[in-house]
Number of protein chains: 2
Amino acid sequence: MALEIPEVVIDRLPVYGRALDLLKQQGREVVNSQELGERLGVTPAQIRKDLSYFGRFGKQGRGYNVARLLDELNQILGLTREWSMVLVGVGQLGRAILAYDGFTPQGFRIIAAFDDDPNIIGTTVDGHLITSVDELAATLLERHAEIGIVAVPGATAQGVIDSMVASGVKAILNYAPIAAQAPPHVRIKDIDPVLALQSMTFYIKDQD
Amino acid sequence: MALEIPEVVIDRLPVYGRALDLLKQQGREVVNSQELGERLGVTPAQIRKDLSYFGRFGKQGRGYNVARLLDELNQILGLTREWSMVLVGVGQLGRAILAYDGFTPQGFRIIAAFDDDPNIIGTTVDGHLITSVDELAATLLERHAEIGIVAVPGATAQGVIDSMVASGVKAILNYAPIAAQAPPHVRIKDIDPVLALQSMTFYIKDQD
DNA sequence: GCTACATTGTGCGCGCGTGCGCAATCACGA
DNA sequence: TCGTGATTGCGCACGCGCGCACAATGTAGC
């Protein structure tokens with residue numbers, strides 16, 4: 001049945017999950033695809049189709065049980081466990097990532113942070129002792145981490161990614177402004193505000 | 001001819017532009033679609049098709065003049081001018097955004113920064129005097145800005161977005177973890193590392 | 001100037017994602 | 001227990017984006 005699920009579908013599931021989380025906090029027990037769709041700017045059919053890839057979670061005539069559907073989505077996405085991450089690059093951006101309080105509640109924990117600046121190595125940032133990037137591989141041998149975060153300048157980013165891949169990291173969140181290369185079995189997502197800005201200007205450049 | 005250009009195409013153009021920029025810095029004068037595609041993980045046909053929406057920029061048998069194509073792309077995307085931005089939210093994330101040196105070289109300048117914390121208002125961060133968010137509208141009346149950056153917690157983000165829209169901002173870069181709503185004439189792009197992580201775990205949760 | 005070669009620009013078909021529309025199904029009230 | 005109303009799950013068709021494959025076209029060498 002669910003042998004080939006489009007990546008766009010997977011990308012939308014966390015969005016549904018976040019909305020359900022909010023509804024749950026508000027004490028809502030049931031929600032239908034129409035209301036969920038309105039909140040997220042998605043058609044109700046889209047939501048129902050997406051969910052149907054994984055099973056039948058709703059009840060006709062009522063809708064979806066909020067807590068139940070949220071649990072199902074977390075199960076599907078693998079969010080019922082903790083995920084360990086390593087951060088490379090403790091500049092201004094890296095510090096903001098270390099300080100960000102949105103990862104932990106969702107089960108993502110930074111277990112080690114690395115840099116190549118001797119002035120930073122050995123210091124403690126937000127409770128994390130900064131280690132030399134040369135020890136990345138050694139550290140990952142004893143303390144396993146599935147996810148790597150790249151917050152270094154573009155020039156050194158690909159090298160960092162290669163090291164992570166070699167050390168068995170399975171997914172990478174890349175903040176560096178490069179077209180990162182990785183083997184097929186390693187997932188990569190880019191966070192790139194400049195690209196986002198540069199495509200928006202196309203649409204607004206001729207307004208008023 | 002170019003009456004309806006897919007948004008995915010527009011999203012790829014800045015990626016091409018960045019690669020061309022790099023090639024130009026390396027002194028390359030000509031590049032063909034095959035090499036460009038290999039560097040970016042895109043098929044050569046994709047690149048040629050995308051570019052054909054806007055004109056004929058290549059020469060058969062040779063390829064594309066790097067500097068020429070880069071200029072054309074910048075023209076198409078509206079990157080030949082400066083863009084003014086306002087930032088709302090000067091917490092850890094906002095500070096990292098203010099400190100980020102990747103915006104200015106691409107023509108994006110933050111002209112004002114706002115927060116609602118009395119302890120922060122009046123201070124100077126990276127050369128920017130932090131103003132009360134209550135003065136957002138008034139400030140935008142005298143100093144025009146086309147783009148808004150939202151770096152506040154999710155709970156207050158939609159309100160900030162509404163204010164920006166009311167003040168004539170035409171594009172918004174949203175770092176808050178919400179499904180932001182805005183009228184159709186205002187472009188929005190979300191920067192959301194947690195969503196990126198939560199979709200990647202789907203693919204890596206059953207590995208090894 | 002002519003030939004051989006390389007690379008673009010694009011018509012076309014394939015495949016996939018989206019949303020419509022309806023039958024199936026469940027809750028609830030009488 | 002039965003009927004009514006609401007909402008899901010999903011078959012199907014439409015439309016769009018992607019990439020193939022080839023003709024068009026420019027380059028370079030002789």
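Here is how names work: the chains are called A, B, and so on, in the same order as the sequence lines, proteins then strands, and each is numbered from 1.
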**Student:** Whole angstrom is fine here: how far is it from CD in B/Glu38 over to C1' in C/dT7?
**Tutor:**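 Taking CD of B/Glu38 and C1' of C/dT7, I get 14 Å after rounding.
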**Student:** For a side chain to side chain donor-acceptor pair (under 3.5 Å) check, start with the C-alpha distance between B/Gln75 and B/Asp71, then their side-chain angles and the critical distance, and finish with the verdict.
**Tutor:** CA-CA 6 Å; B/Gln75 199 75 41; B/Asp71 283 347; over 6 Å; no
**Student:** For C/dT18, does OP1 or OP2 lie under 4.0 Å from any side-chain N or O of A/Gln46?
**Tutor:** yes
**Student:** Hey, could you give me each pair passing salt bridge (charged side-chain N to carboxylate O under 4.0 Å, His left out) that has a residue in residues 167-194 of chain B? Not counting sequence neighbours.
**Tutor:**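 Counting only pairs at least two positions apart or across chains, the salt bridge (charged side-chain N to carboxylate O under 4.0 Å, His left out) contacts touching residues 167-194 of chain B are A/Arg18-B/Asp192, A/Asp208-B/Lys170, B/Glu7-B/Arg187, B/Asp11-B/Lys189.
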**Student:** Name the nucleic acid region contacted by A/Arg48, choosing base, sugar-phosphate or nothing; use a 4.0 angstrom heavy-atom cut-off, strictly under.
**Tutor:**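 The answer is base, as A/Arg48 lies within the cut-off (heavy atoms under 4.0 Å) of a base atom.
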**Student:** Pick the nucleotide of DNA chain D nearest each of A/Asn32 and B/Val9; which residue has the one closer to the 5' end?
**Tutor:**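 Nearer the 5' end of the strand: A/Asn32.
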**Student:** To the nearest angstrom, how far is B/Gln34 atom CD from C/dC5 atom P?
**Tutor:** 18 Å
**Student:** Extract, from 5' to 3' on DNA chain D, the first and final nucleotides lying under 4.0 angstrom from some heavy atom of chain A.
**Tutor:**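 First-to-last contact on DNA chain D, by the 4.0 Å heavy-atom rule, is D/dA6 to D/dC12.
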**Student:** If you look at every strand shown and take non-hydrogen atoms under 4.0 Å, does B/Arg56 touch a base, only sugar-phosphate, or nothing?
**Tutor:** sugar-phosphate
**Student:** How long is the line joining CZ of A/Arg62 and C1' of C/dG29, in whole Å?
**Tutor:** 14 Å
**Student:** In whole angstroms, how far is the P atom of C/dC16 from the CG atom of A/Asp50?
**Tutor:** 16 Å
**Student:** Whole Å only: how far is the CD atom of A/Gln60 from the P atom of C/dC26?
**Tutor:** 6 Å
**Student:** Check this for me: does any side-chain nitrogen of one of A/Glu29 and A/Arg68 sit under 4.0 Å from a carboxylate oxygen of the other?
**Tutor:** no
**Student:** Please lay out, stage by stage, how A/Arg48 and A/Ser33 fare under the test side chain to side chain donor-acceptor pair (under 3.5 Å).
**Tutor:** CA-CA 7 Å; A/Arg48 297 200 301 272; A/Ser33 60; 3.0 Å; yes
**Student:** Cation-pi check for B/Phe202 against B/Lys205: NZ or CZ below 6.0 Å from the six-membered ring centre and within 45 degrees of the axis, yes or no?
**Tutor:**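 Yes, B/Lys205 and B/Phe202 form such a contact.
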**Student:** For B/Tyr175, what residues pass the ring-ring contact (aromatic ring centres under 6.0 Å, His included) criterion, not counting sequence neighbours?
**Tutor:**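 Once residues adjacent in sequence are excluded, B/Tyr175 has no partner under the ring-ring contact (aromatic ring centres under 6.0 Å, His included) criterion.
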